[in-house]
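Down below is the structure, laid out as structure tokens.
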Amino acid sequence: MSLPPLVEPAAALTVDEVRRYSRHLIIPDVGMDGQKRLKNAKVLCVGAGGLGSPALMYMAAAGVGTLGIVEFDEVDESNLQRQIIHSQSDIGRTKAESAKDTVLGINPHTEVRLHQERLDSSNVMEIFAEYDLIVDGTDNFATRYLVNDACVLLNKPYVWGSIYRFDGQASVFWSEHGPCYRCLYPEPPPPGMVPSCAEGGVLGVLCASVGSIQVNEAIKLLAGIGDPLVGRLMIYDALEMSYRQVKVRKDPGCAVCSENPTVTELIDYEAFCGVVSEEAQEAAAGSTITPKQLKEWMDDGERIEVIDVREPNEYEIVSIPGAKLIPKDGFLMGNALQDMPQDKKIVLHCKTGVRSAEVLAVLKDAGFADAVHVGGGVIGWVNQIEPDKPIY
């Protein structure tokens, strides 16, 4: 479905801009009018990470006049495998400042606005109000539902992308013309059910594939050309090198974009998505130890069984000495419970403590009342006990 242009054209292009965008100007569907619209556009990118990197770079190259960046994190060495907007010299800098420098290096005609804060219900409406279109580069469900609901309430198009290992998805959610994100995913998955990229990994180049699709959709919306991905979900399998589309229909009972919505204002999205389940929180209360406590138990010869609930490839990167690998799914399916020792205290750990808390709830429910888990996980262990080991 073709849609009218999202923004009005700027008054004119300078001589320098005509030279810079000449390959756009000779495309009949873009032309001078379309390029002027890009110049006049204000686009906000939520995140300057895996998806935000190619999205910001290509929007700057395309001539989007104003780019906003919402980002509060700092550049880490593990980011460089996929977050190509940052370089080795940027490690330790704020991602927002690093991204701004790269964007201006690509196109000095672009105005860059930085929002170096965590996006939440208290600031999202004010920030989004400045922009014509939102490009989402986040990797967590709480922020995705926040972005979606704010876009519906402000009637702004939301260009969404998602990546995991070798799989990518993209769509355009715009409640005025089609479904919103909640029409596709009415409820978030149970806590711990869907691993993040930090837990499951992502092929670096996949970010470029999906991020460039997001920019393509943004350009089409801003200039009013082509057939945007409104009402369609694009699914990309990098291993099979296949693309397929799934139709997404507007949900007449959608909580936020239906005629009778039940969500009419922003909510607590962390609570809605249950970053950690109530069962895990209850299990962890009073049953969480520090890495230093674990080290003391080891040194004192306490009868403990240290169990690593991460995945095998994570275990290969770094592990706590003596830890036995039993991935979380074994506990969720129940088959790992029969291998639990009855004469030792069970000590669980994962990367940061989220997955181990979920497994702890399973063990407590199975009768292992004295089981504990390590707050901060193997990351905390490395930081406090073995700083020479790698952190992923």
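If you read the sequence from its start, that first residue is 1, and numbering goes on from there.
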Could you give the distance from [atom1] ([X]) to [atom2] ([Y]), rounded to the nearest 0.5 Å?
X    : Y    : atom1 : atom2 : result
Q83  : L51  : CD    : CG    : 9.5 Å
D167 : Y236 : CG    : OH    : 10.0 Å
E358 : C350 : CD    : SG    : 9.5 Å
L154 : E126 : CG    : CD    : 11.5 Å
L56  : L67  : CG    : CG    : 6.0 Å
D308 : K324 : CG    : NZ    : 12.5 Å

Exam field: side chain [X] to backbone [Y], donor-acceptor pair closer than 3.5 Å:
X    : Y    : answer
Q214 : D136 : yes
Y145 : E187 : yes
T143 : D139 : no
K247 : R232 : no
Q35  : A62  : yes
S53  : G50  : no
K250 : G178 : yes
S171 : L229 : yes
D90  : R93  : no
D120 : S122 : yes

For [X] against [Y], the heavy-atom pair lying closest together:
X    : Y    : result
C180 : V256 : SG-CG1, 3.6 Å
C151 : I134 : SG-CG1, 3.6 Å
P252 : S258 : O-CB, 3.2 Å
A336 : F331 : CB-N, 3.9 Å
R144 : G161 : NH2-O, 4.4 Å
P9   : R37  : CD-NH1, 3.3 Å

Show me the pairs that pass salt bridge (Lys or Arg N to Asp or Glu O under 4.0 Å) and involve residues 7-23, at least two apart or across chains. D16-R19, E17-K39
State yes or no: do [X] and [Y] share one hydrophobic cluster built from I, L, V, M, F, W and Y residues joined by side-chain heavy-atom distances below 4.5 Å, directly or via other members?
X    : Y    : value
I225 : L222 : no
M32  : L38  : no
V210 : M241 : yes
V112 : V135 : yes
I106 : Y21  : no

For residues [X] and [Y], determine if any side-chain heavy atom of one lies less than 4.5 Å from a side-chain heavy atom of the other.
X    : Y    : value
L325 : P327 : yes
W174 : L6   : yes
W381 : K295 : yes
K345 : W297 : yes
L119 : V147 : yes
R182 : D149 : yes
F72  : E117 : no
I385 : L294 : no

Hey, is [atom1] on [X] packed in by over 12 heavy atoms from elsewhere, all under 6.0 Å?
X    : atom1 : result
E77  : CD    : no
K389 : NZ    : yes
Y58  : OH    : no

With side chain to side chain donor-acceptor pair (under 3.5 Å) as the test, would you mind laying out the steps for D76 and S78 before giving the verdict? CA-CA 5 Å; D76 180 80; S78 67; 2.6 Å; yes
Check this for me, if you would: do [X] and [Y] make a salt bridge, where the nitrogen-to-carboxylate-oxygen distance has to be below 4.0 angstrom?
X    : Y    : result
D343 : R303 : yes
R113 : E130 : yes
K100 : E97  : no

Which residue is it: V374, I379, I320? I am looking for the one with a side-chain contact (heavy atoms from CB on, under 4.5 Å) to P291. V374
Tell me, with the steps shown, if H349 and V347 meet side-chain contact (heavy atoms from CB on, under 4.5 Å). CA-CA 7 Å; H349 83 82; V347 180; 5.9 Å; no
Compute both the distance and the angle, then confirm whether R310 meets the cation-pi test with Y392: under 6.0 Å from the six-membered ring centre, within 45 degrees of the axis. no
Determine, step by step, whether Y181 and F173 satisfy the ring-ring contact (aromatic ring centres under 6.0 Å, His included) criterion, reporting the C-alpha distance in whole Å, the side-chain angles of both residues, the deciding distance to 0.1 Å, and the verdict. CA-CA 6 Å; Y181 180 76; F173 301 111; 5.7 Å; yes
Going through the distances and angles, do V43 and V159 end up as a side-chain contact (heavy atoms from CB on, under 4.5 Å)? CA-CA 10 Å; V43 176; V159 181; over 6 Å; no
CA sep, side-chain torsions, deciding dist, call: N313, I317, side-chain contact (heavy atoms from CB on, under 4.5 Å): CA-CA 7 Å; N313 54 330; I317 298 171; 5.9 Å; no
Hey, mind stepping through Y164 and Q169 against side-chain contact (heavy atoms from CB on, under 4.5 Å) and telling me if it holds? CA-CA 9 Å; Y164 178 68; Q169 298 181 5; over 6 Å; no
